[in-house]
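Chain A is the first sequence line, chain B the second, and so forth, proteins listed ahead of strands; every chain is numbered from 1. Note that the structure is a prediction, hence the values are computed from the model and not measured.
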Protein chains: 4
Amino acid sequence: MPKSPEQYDDIRKQKKQLIMNTALELFAENGYHTTSISQIASKAKISKGLTYNYFKSKSEILNELMEHGFNEIYDNLDINHDGILTEEEFIFFIKENFRILRENMHHWKLFFSLLLQPQVSATFAAQYEEKAGPIFNLFFGFIKSRGSKNPESDLMAISSMLEGAFLYCVAAPDVFPMDKLEEAVINSCFKIIRG
Amino acid sequence: MPKSPEQYDDIRKQKKQLIMNTALELFAENGYHTTSISQIASKAKISKGLTYNYFKSKSEILNELMEHGFNEIYDNLDINHDGILTEEEFIFFIKENFRILRENMHHWKLFFSLLLQPQVSATFAAQYEEKAGPIFNLFFGFIKSRGSKNPESDLMAISSMLEGAFLYCVAAPDVFPMDKLEEAVINSCFKIIRG
Amino acid sequence: MPKSPEQYDDIRKQKKQLIMNTALELFAENGYHTTSISQIASKAKISKGLTYNYFKSKSEILNELMEHGFNEIYDNLDINHDGILTEEEFIFFIKENFRILRENMHHWKLFFSLLLQPQVSATFAAQYEEKAGPIFNLFFGFIKSRGSKNPESDLMAISSMLEGAFLYCVAAPDVFPMDKLEEAVINSCFKIIRG
Amino acid sequence: MPKSPEQYDDIRKQKKQLIMNTALELFAENGYHTTSISQIASKAKISKGLTYNYFKSKSEILNELMEHGFNEIYDNLDINHDGILTEEEFIFFIKENFRILRENMHHWKLFFSLLLQPQVSATFAAQYEEKAGPIFNLFFGFIKSRGSKNPESDLMAISSMLEGAFLYCVAAPDVFPMDKLEEAVINSCFKIIRG
DNA sequence: GATGAATGAGATTTCATTCAT
DNA sequence: TATGAATGAAATCTCATTCAT
């Protein structure tokens, strides 16, 4: 029985997603360069050739992965409201970040590793800035609204602390217990702002 | 008339250093896997074959690089005193860290990138822990000595902040001005401890 | 429309056989070490890379060659009967050996050359003993059954003679005419046993 | 103190012999191709470069080794008498052969392995025939003088047996005890001739 | 859409040989 | 004579990508 165009489309979408999920896992765990198309294909239980039916090249898988990943992550953050954070929203925001981190460990691991090798994906840096910019602004607004004496300085400290905490979670999850770390970070944010 | 053993020793030391420096630069800039022995050799203006006169394999270059790097970095920190930090020492320690970071950008870039791909270098994780452990202890002692109400929590926050600041320096040096970042971090440490 | 699994299986079998045949010929004629993968590939009219689709390494080709070779040779000998040789069977057995030798000259040449360099193939010695042991037993039984006064001694002499004759056939086929050699060996076996 | 020309000559001879002995051992044990100039030099405790002061190339070491080896072996056999062997002389000759074999295991191992890979040394086959020819004649004369009914046939059988016994000694010295093998071979020679 | 055999460019590695000293 | 650093050719091996079916 021939399939309808819609069914074909569905299959395509599922297969593509399967390839991307598999690739993400392997890239994150073993690195982009140490992962071969063969490994991806065999883990996804498809043929090597089929991969090229969905992606022009290995690096295109990476590109799409990054793009999707950014969207998945930042869309969930839902920062498109009035642009002013209340204290609860700020806390919620950080907690959300940790939650998303835990749920997308693979993506984050890959993100961080690409951060250190920008030549892999030329478009990566640009995307990152585009996404990260509004968040900096949001934070900056919150810090100022809380009466910080030096909001620029506090933004740097808080951003660093969050970034560092995320790095610990992803790269050395056994050094600090994750929930304690989360709590420590949140508390410290307020200590920093308060002065 | 053969060269004297000392002459040969000299040549070997210099050439080995040349290879390591060249490799470090390329590894840090382009990544370990994207850097070929050919590239290293041609940048160092030697033949591919000679590389193998000095290193058993490409991965051995990486291993020696890590080992030397750790020593270079952590030896400079000189943490072998009485084990108690005064406030000045604490500040000095962080400043030293930043200074060393700036002077060994390549090493740190490589470190961070390997942190996310530990399977590259098996010995890496072990070395890291061995070196980082005493520093955690030192910090913990300082935090307690300053009357922190929750030293475990503060250690996590401060460690994260430092790690994150280093990551910003290395991976995105244009986002924050480095000297301001350094100042912000130091100030925030005290805010965190003070509570 | 993909090929059927059976078709692929067929291709793989044939191609693998082609590679093994080609390698055997070159190994036997020019030696294992002097034969490069490039030579094998170009003689088999395939690409170098394809070789590695079928064999993990060059030495694995050798291993499989030895394994197959042993089986081909010793399976043909069909020594799995009651374990007692009649005179006709003994003669037939030796003749068979010469016939197989002539038809598998390449294999035997390779065997003999590896005999002298056992470190090439670690598994080789073990396989050889496993296969040769029963034959010694069979011969020993025959020699005793014919009333030899010193069967141990006669076994040594006969084994040596056979081994030497095979070596002449393989390494210096022009020194003695092969059919005369065969006849001489068979006759001499009986002279030795008879005493 | 400058050395006299004779002393220099002496040194040269000794060094050359050292290199050849070392190379022989390694070639015999590990094979010609698997033995590198570096290994030879380091085992002989000289520099790589010095090797080329005494030999034009690696293959020239092999050539000289073969040449010397043949002479050493066959000169010791002292077959330059009247050309007629008595029974005692025949026995003595075979015993001598075994003795020499035992004392020059390395040479023989190398000989046998080259027999199977003649392309290694082009001149090898020619040398072998030149040396072996007179021996065949000597044996043929003895066999005839003892009243053999078919001396051509017996020569083949005896030659094969000797060759085979030597191969066993060299390649599989544990299969048969060497002194028993020697005895068995000698006895069997007479059985073969006697008919 | 799906397969996996096949290619070829390029990576790592080895090693006989040369050469400045 | 003696050294060992240096070369370069060639070997082994890997893998993204193509293509016939």
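Side-chain contact between Gln117(D) and Gln117(C) is present, with heavy atoms from C-beta onward closer than 4.5 Å. The closest side-chain heavy-atom distance from Ile61(C) to Tyr54(C) is not below 4.5 Å.
Counting only heavy atoms from C-beta on, Tyr52(D) has its side chain closest to dT18(E) among dA5(E), dT18(E), dT13(E). Considering only the side chain of Lys48(C), dG10(E) comes nearest among dG10(E), dA5(E), dT7(F). Listed nucleotides: dG4(E), dT12(F), dT17(E). Nearest to the side chain of Ser38(C): dT12(F). Closest to the side chain of Ser36(A), from the set dA16(F), dT3(E), dT12(F), is dA16(F). For Leu50(D), taking side-chain heavy atoms from C-beta onward, the closest of the listed nucleotides dT17(E), dT17(F), dT3(F) is dT3(F). Of all nucleotides listed (dT17(E), dT3(E), dT1(F)), dT3(E) comes nearest to the side chain of Ile46(A). With dA2(E), dT17(F), dT13(E) as the candidates, the nucleotide lying closest to the side chain of Ile37(A) is dT17(F). Out of dT7(E), dA6(F), dT3(E), the shortest distance to the side chain of Tyr8(C) is found at dT3(E). Looking at the side chain of Tyr54(B), the nearest of the listed nucleotides dA6(F), dA5(E), dG1(E) is dA6(F). Each of dT17(F), dA2(E), dG4(F) was ranked by its minimum atom distance to the side chain of Lys58(A); first place goes to dT17(F).
No engagement by Phe55(B) is indicated, since no non-hydrogen atom pair under 4.0 Å with the nucleic acid exists. At a threshold of 4.0 angstrom between heavy atoms, the contacts of Thr51(C) with the nucleic acid are absent. Thr35(D) comes within 4.0 angstrom of the backbone, heavy atoms only, and of no base.
Taking both residues in full, the closest heavy atoms of Gln39(A) and Thr34(A) are given as NE2-O, 3.5 Å, listed atom of the first, atom of the second, then distance. Taking all atoms of both residues into account, the shortest heavy-atom contact from Lys58(C) to Tyr32(C) is NZ-O, 3.0 Å.
In this structure, OH of Tyr32(C) is placed 10 Å from C1' of dT12(F), rounded to the nearest angstrom. Counting to the nearest Å, the C1' atom of dT3(E) and the CG atom of Asp9(C) are 14 Å from each other. The CD1 atom of Ile40(A) sits 17 Å away from the C1' atom of dA2(E) (whole-angstrom rounding). Rounded to whole Å, the distance from CD on Gln39(B) to C1' on dG10(E) is 11 Å. Between the NZ atom of Lys56(D) and the C1' atom of dT18(E) there is a distance of 15 Å, rounded to whole Å. Atom NZ in Lys16(B) sits about 16 Å away from atom C1' in dG4(F), given to the nearest Å. One atom, NZ of Lys13(D), and another, P of dT1(F), lie 14 Å apart when rounded to the nearest Å.
Side-chain N or O atoms of Glu60(C) include one that pairs as donor or acceptor with a backbone N or O of Lys56(C) at under 3.5 Å.
When each of Gly49(B) and Lys45(C) is assigned the nucleotide of DNA chain E with its nearest heavy atom, Lys45(C) is the one assigned upstream, toward the 5' end.
Taking only side-chain nitrogens and oxygens, Lys15(C) comes nearer than 4.0 Å to OP1 or OP2 of dA6(E). Between Asn53(A) and dA2(E) there is no side-chain polar atom (N or O) within less than 4.0 angstrom of OP1 or OP2. Phosphate proximity of dG4(E) to Arg12(C): absent, as no side-chain N or O sits under 4.0 Å from OP1 or OP2.
For the strand DNA chain F, secondary-structure stems (runs of at least three Watson-Crick or G-U pairs, all distances below 3.5 Å) span E:2-21 with F:2-21.
In this view, Glu67(C) satisfies the salt bridge (Lys or Arg N to Asp or Glu O under 4.0 Å) rule with no residue, not counting sequence neighbours.
Phe112(B) and Phe112(A) have their aromatic ring centers separated by at least 6.0 angstrom.
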May I have the step-by-step check of side-chain contact (heavy atoms from CB on, under 4.5 Å) for Phe111(B) and Met66(B), ending in yes or no? CA-CA 8 Å; Phe111(B) 281 9; Met66(B) 299 313 299; 3.1 Å; yes

Output a table of donor-acceptor pairs, distance under 3.5 Å, between side-chain atoms of residues 42-51 of chain A and any protein atom two or more places apart or on a different chain; print 'none' if there are none.
{"residue": "Lys43(A)", "atom": "NZ", "partner": "Glu25(A)", "partner atom": "OE2", "Å": "3.0"}
{"residue": "Ser47(A)", "atom": "OG", "partner": "Leu50(A)", "partner atom": "N", "Å": "3.3"}
{"residue": "Thr51(A)", "atom": "OG1", "partner": "Lys48(A)", "partner atom": "O", "Å": "3.1"}

